[in-house]
Amino acid sequence: MNSGSAPVDAPPPIIELEHAAVEGRRDAATPSPRDIDWRICPGEFWVVGGSAGSGKTRLLETTAGLRLPASGTLRLFGARADTLSTDAARATRRRLGFVYGAGGRLFSHLTLAQNLALPLCYHRNCRPEAVEAEVDRLLAQFELQPLALRLPGQVNGACRQRAALARALTLAPEVLFLDDPLAELNTAQVHWWLNWLTSPPRPTDLRSPPATIVVATDDLRPWLADHRQYALLHDGRWQVLGGREQLAASPESLRRELLAEPPVSR
Amino acid sequence: MAKGIAAAPAWPRADPGAARSGAGSRLRWAGGWLLGAADTVRRLLAFSLITLGVAATRYRSASALIRPLVFQHVATAGLRLLPITAVIAAAMGWAIVGQTVALLTQVGVQGLIGVAMVTAVVRELGPLATAMLVLLRVGVPTVVQLGTARALGEVEALEALGIDPVLFLVVPRVLGMTVAVFALTAYLVVGALVAGYCFAFLQDVPLTPGDYFRQLALALTWQDFLLLGLKSVSFGLVIALATCFQGLSRALELREVAQITGVAVVASLLGCVALDALFIVLYLLL
């Protein structure tokens with residue numbers, strides 16, 4: 001079990017948390033995560049496991065620079081997050097895509113197409129007509145074109161989640177954070193997501209998955225694969241486990257909780 | 001009967017200590033309320049300064065997206081309220097102007113018609129009625145919309161996309177509502193004065209249109225135009241900032257949206273009344 005420290009010849013981390021504590025929710029039942037040491041290097045695929053209410057979303061938001069750690073240090077692309085100016089922080093956020101769970105938090109009064117056009121228009125300072133073709137291609141890539149003019153409330157959760165993924169990718173981020181993206185999805189949709197994340201991009205695709213991906217989940221089973229890094233949040237404690245073998249060697253109670261393994265009979 | 005009264009248990013006497021503690025708790029409550037109100041005002045002022053700062057420095061960076069939103073909010077807060085403003089102008093003309101003109105004519109002081117109309121309609125009722133209309137028809141939906149967006153995490157999602165929520169959500173609403181209150185006030189004042197004369201005419205008041213409007217023109221001074229413009233713009237700013245502030249200023253849960261809507265309405269109302277008092281002092285000074 002390593003502690004998140006990189007080997008000597010590893011590339012420099014693009015995101016680094018040192019002794020960080022995550023600010024807790026007002027109504028949190030479990031202690032908020034603290035004493036987190038985590039280095040995310042380019043090209044890594046991280047899966048963070050933790051039961052519901054363990055603070056995964058807040059940890060992901062903190063790691064993505066959306067909120068500062070309550071204590072400790074966060075470095076984004078080598079710069080301390082607490083020293084960044086507002087403009088620099090916003091510029092950094094464009095390099096980090098974030099997809100929230102449970103429908104992706106799309107803007108409920110904008111159509112799916114408008115939701116996708118919004119970040120493009122804002123950052124390019126252009127009118128929606130100027131990005132129409134790009135939005136159409138994105139909608140087609142994510143199989144959402146027939147729903148382009150629907151409001152988020154008029155489509156199902158799986159389509160909202162895919163639209164949120166497309167929206168997060170509009171700015172071609174270098175790192176993608178996925179907060180429990182498979183929750184509430186059926187088997188076919190889960191397959192679509194896993195396939196999209198692992199398959200090589202098609203020539204017609206406008207956006208492909210970024211090289212660095214961080215997923216938070218309360219069910220690790222769909223995410224078990226080689227060449228992935230695993231970390232766990234349990235009772236406010238942070239544990240970097242390492243690869244799949246180290247995950248298999250983790251305590252039985254954790255495996256039972258996150259891999260739905262039956263208890264070992266003695 | 002008398003015996004019954006005598007036998008009745010005596011009224012409970014107030015315990016002086018309890019009275020003191022009751023007064024103490026009321027004092028504590030009042031002190032807490034005052035401190036809370038002062039803190040809210042401080043945060044509202046900070047929010048207003050941030051909004052003005054963002055509007056001044058960042059508007060250009062996303063003007064192609066924000067400008068149409070400003071026009072959209074001017075339409076929502078202004079153009080769509082024209083019919084109801086016309087109805088209110090007619091009602092105000094009938095209830096206030098028509099009756100006042102008839103009354104002043106009956107008592108033979110037609111010469112005061114212009115002054116009375118300018119004081120009642122142009123200085124006071126026009127701006128205040130318009131502000132209340134915009135608060136109820138536009139301010140309340142603004143709090144609900146922003147509060148719901150905040151409660152559902154849509155605002156955090158905007159920040160995750162590097163979008164400034166103040167520039168995207170607050171600035172267009174503030175500009176839209178301010179322009180709308182200003183324009184609707186002018187519309188309401190003119191509508192009420194014209195409608196008032198129509199109702200006075202229907203009551204056979206011996207006053208020609210020429211006399212009526214000449215008296216109005218004589219009673220109006222440049223201060224009235226200046227302060228009417230300033231007042232309506234201030235009311236629009238107060239309503240827009242108070243409603244946006246309540247909707248966005250803190251993390252919310254959906255069940256709290258109704259509560260903050262009420263708070264925003266009361267805060268806007270108090271803000272407008274306080275500004276109105278300030279403008280009365282200005283009228284007296286000028």
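So that the names make sense, note that chain A is the first sequence line, chain B the second, and so on, each numbered from 1. The model shown is predicted, which means the values in this text are computed figures rather than measured ones.
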### Summary
Closest non-hydrogen contact found for Gly162(B) with Arg90(A) is O-CD, 3.3 Å
### Message
Is Arg58(B) close to chain A through its backbone or its side chain, or both, or neither, when contacts mean heavy atoms under 4.5 Å?
### Response
side chain
### Summary
Interface check, chain B: of Pro173(A), Ser108(A), Ala130(A), most non-hydrogen pairs under 4.5 Å belong to Ser108(A)
### Query
Could you give the distance from CD (Glu154(B)) to NE2 (His109(A)), rounded to the nearest 0.5 Å?
8.0 Å
#### Entry: Nearest heavy-atom neighbours spanning Ala157(B) and Tyr100(A)
CA-CE1, 3.9 Å
### Nearest-0.5 Å distance, CZ of residue Arg127(A) to OG of residue Ser63(B)
10.5 Å
#### Entry: Proximity breakdown for Leu69(B) and chain A, heavy-atom pairs closer than 4.5 Å
neither
### Query
Would you find more than 12 non-hydrogen atoms of other residues, nucleotides or ligands less than 6.0 Å from Phe45(A) atom CZ?
yes
### Task
Heavy atoms only: give me the nearest Arg105(A)-Glu156(B) pair and the separation to one decimal.
NH1-CB, 4.0 Å
### Summary
chain B shares the most heavy-atom pairs under 4.5 Å, among Gly104(A), Cys121(A), Ala168(A), Cys126(A), with Cys126(A)
### Within-4.5 Å side-chain heavy-atom neighbours: Asn125(A) and Leu65(B)
no
### Message
Under 4.5 Å from any heavy atom of chain B, what part of Arg67(A) do you find: side chain, backbone, both or neither?
### Response
neither
### Query
Taking Leu118(A), Leu171(A), Val99(A) one by one, which has the highest count of heavy-atom pairs under 4.5 Å against chain B?
Leu118(A)
### Task
Side-chain contact test, heavy atoms from C-beta onward, threshold under 4.5 Å: evaluate it for Leu161(B) versus Tyr122(A) and give yes or no.
no
### Message
Side chains of Asp164(B) and Thr86(A), heavy atoms from C-beta outward: is any pair under 4.5 Å?
### Response
no
### Query
Side chain, backbone, both or neither: which part of Leu158(B) has a non-hydrogen atom closer than 4.5 Å to chain A?
side chain
### Atom CZ of Arg124(A): over 12 foreign heavy atoms under 6.0 Å
yes
